[in-house]
Amino acid sequence: MLAESEFNYRGGGLACEGVDLGALAAEYGTPAYVYSRHGIASRFCAYEEALRDIPHQVCFAVKANSNLAVLSVLAREGAGFDIVSGGELYRVLAAGGDPSRVVFSGVGKTEAEIRFALQQGIHSFNCESEFELDLLSRTAASLGKTASIALRVNPDVDAVTHPYISTGLREHKFGIDIAHAGRIYARAKNLPGVVPEGVSCHIGSQLLDVKPLLEAADKMLALVERLRSQGIAVRYLDLGGGLGVPYRSTDRPLSARTLVEEIKNRIAGRGLTLMLEPGRSIVAEAGILLTRVLLVKNNAKKTFVIVDAAMNDLIRPSLYQAHHEIVPVKQNASVEDITADIVGPVCETGDFFAHGRQIAAVEPGDLLAIRTAGAYGFVLSSNYNSRPRPCELLIDGQAVHVARRRETWEDLIRGEVSF
Ligand SMILES: *Cc1c(COP(=O)(O)O)cnc(C)c1O
């Protein structure tokens, strides 16, 4: 079953599954990330359902949300994982993930990370350069192992998204130019320690239109045919992640099902296992950042709602000019709307969640939910301004699981030594 919305108003208060967010804030404090287990699992299952009748592997992109509880929910559903560092592999293993379903992406893998991944027996490496290909070959051969590899090619399509999360154009640092792929595969075929049996791409993130994804798929399928005709036995086609989510209530993203239906038609009967690496589309909507209003401040021109969360907790608005819906936890029909900037306490003008936003008037102590914060939220958090990072709470029905405890001041200085 697909989650319609795992955050709903009940009796005038916003709840996550069966847990009232007001009560949750009273017990665990704010700011807090709140995730719905059902929301995460059901979105993963939607991919699985849609792919049921073709060979496939869905690898959750760990960088979107790497909390152990989130990873273990997905591991239990049978997910694979797309990692971009040795640290992410360490997390996957700690969460009970199956290393044989892990693909290792990333443009700058170190030899130590490659060795660790080989020793753990991951599924494959998405190799992004000839330098990496040689490093993989040498490292695997020295360990007496054989690495299954895919070359991450750059299909040169415009993903039409924010420039910081667009990755599939020739001018980007990612992947190997598709025009050079044939020659590099031919080289890879003759190197010890590696078997080239996949092709991969990832053109960008927060894609709301299916066209660029299908354009990339078509270019990749043409590449598969070219490679096969030159004697490379390609078995895996990895189309990366990138499916967008509705950050605005007016966004109409395509569903995992729609995307998969389109791709499935193209690859059916070609003897390929389809791999996908969704991150955002599995966890974004299943999470919110819960925050409390500290004060409301009026200056000559503007009203500022100052909340206890800040850019160090959720940097997407500051970093990508991202829009997040912000809603009151308690509905109150009798208050007027105000137009305000919703900002945090950090000493930066860039510390904001919304500019000129119309919201129901709030008072100090009121709770707000910053929606669609389950992806690229906590993972991008920092201790800037010496602010302890928030707790992460995973809700399962009526049950609250503290997925990460709130940091303390002692945590802030752990590992530091005064001189
Ligand atoms: C970031 C990333 C993903 C996940 O992208 P989403 O937009 O979160 O689905 C998948 N694959 C690779 C290689 C990535 O870098």
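Positions are given from 1 along the sequence. Remember, it's 1-based here, ligands and their atoms both numbered in the order they're listed.
Glu261 has a carboxylate O that lies under 4.0 Å from a charged side-chain N of Lys264, or vice versa, which qualifies the two as a salt bridge. Between Glu410 and Arg414 no salt bridge is recorded (no basic side-chain N to carboxylate O distance below 4.0 Å). Between Glu111 and Arg138 there is no salt bridge, since none of the side-chain N atoms of the basic residue sits less than 4.0 Å from a carboxylate O of the acidic one. Using a cut-off of 4.0 Å between Lys/Arg side-chain N and Asp/Glu carboxylate O, Glu392 and Arg406 are scored as not salt-bridged.
Donor-acceptor pairing under 3.5 Å is recorded for the side chains of His323 and Arg357.
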In a simple table, one pair per line, please give the protein and ligand 1 atom names for every N or O pair closer than 3.5 Å, along with the distance.
from: ligand 1; atom 1: 7 (O); to: Ser205; atom 2: OG; distance (Å): 2.2
from: ligand 1; atom 1: 7 (O); to: Gly242; atom 2: N; distance (Å): 3.4
from: ligand 1; atom 1: 8 (O); to: Arg280; atom 2: N; distance (Å): 2.8
from: ligand 1; atom 1: 8 (O); to: Tyr376; atom 2: OH; distance (Å): 2.6
from: ligand 1; atom 1: 9 (O); to: Gly242; atom 2: N; distance (Å): 2.8
from: ligand 1; atom 1: 9 (O); to: Gly279; atom 2: N; distance (Å): 2.9
from: ligand 1; atom 1: 11 (N); to: Asp82; atom 2: OD2; distance (Å): 3.2
from: ligand 1; atom 1: 11 (N); to: Glu277; atom 2: OE1; distance (Å): 2.6
from: ligand 1; atom 1: 15 (O); to: Lys63; atom 2: NZ; distance (Å): 2.7

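The side chain to side chain donor-acceptor pair (under 3.5 Å) contacts involving residues 393-403 comprise Arg37-Asp396, where partners must be two or more places apart or lie in separate chains.
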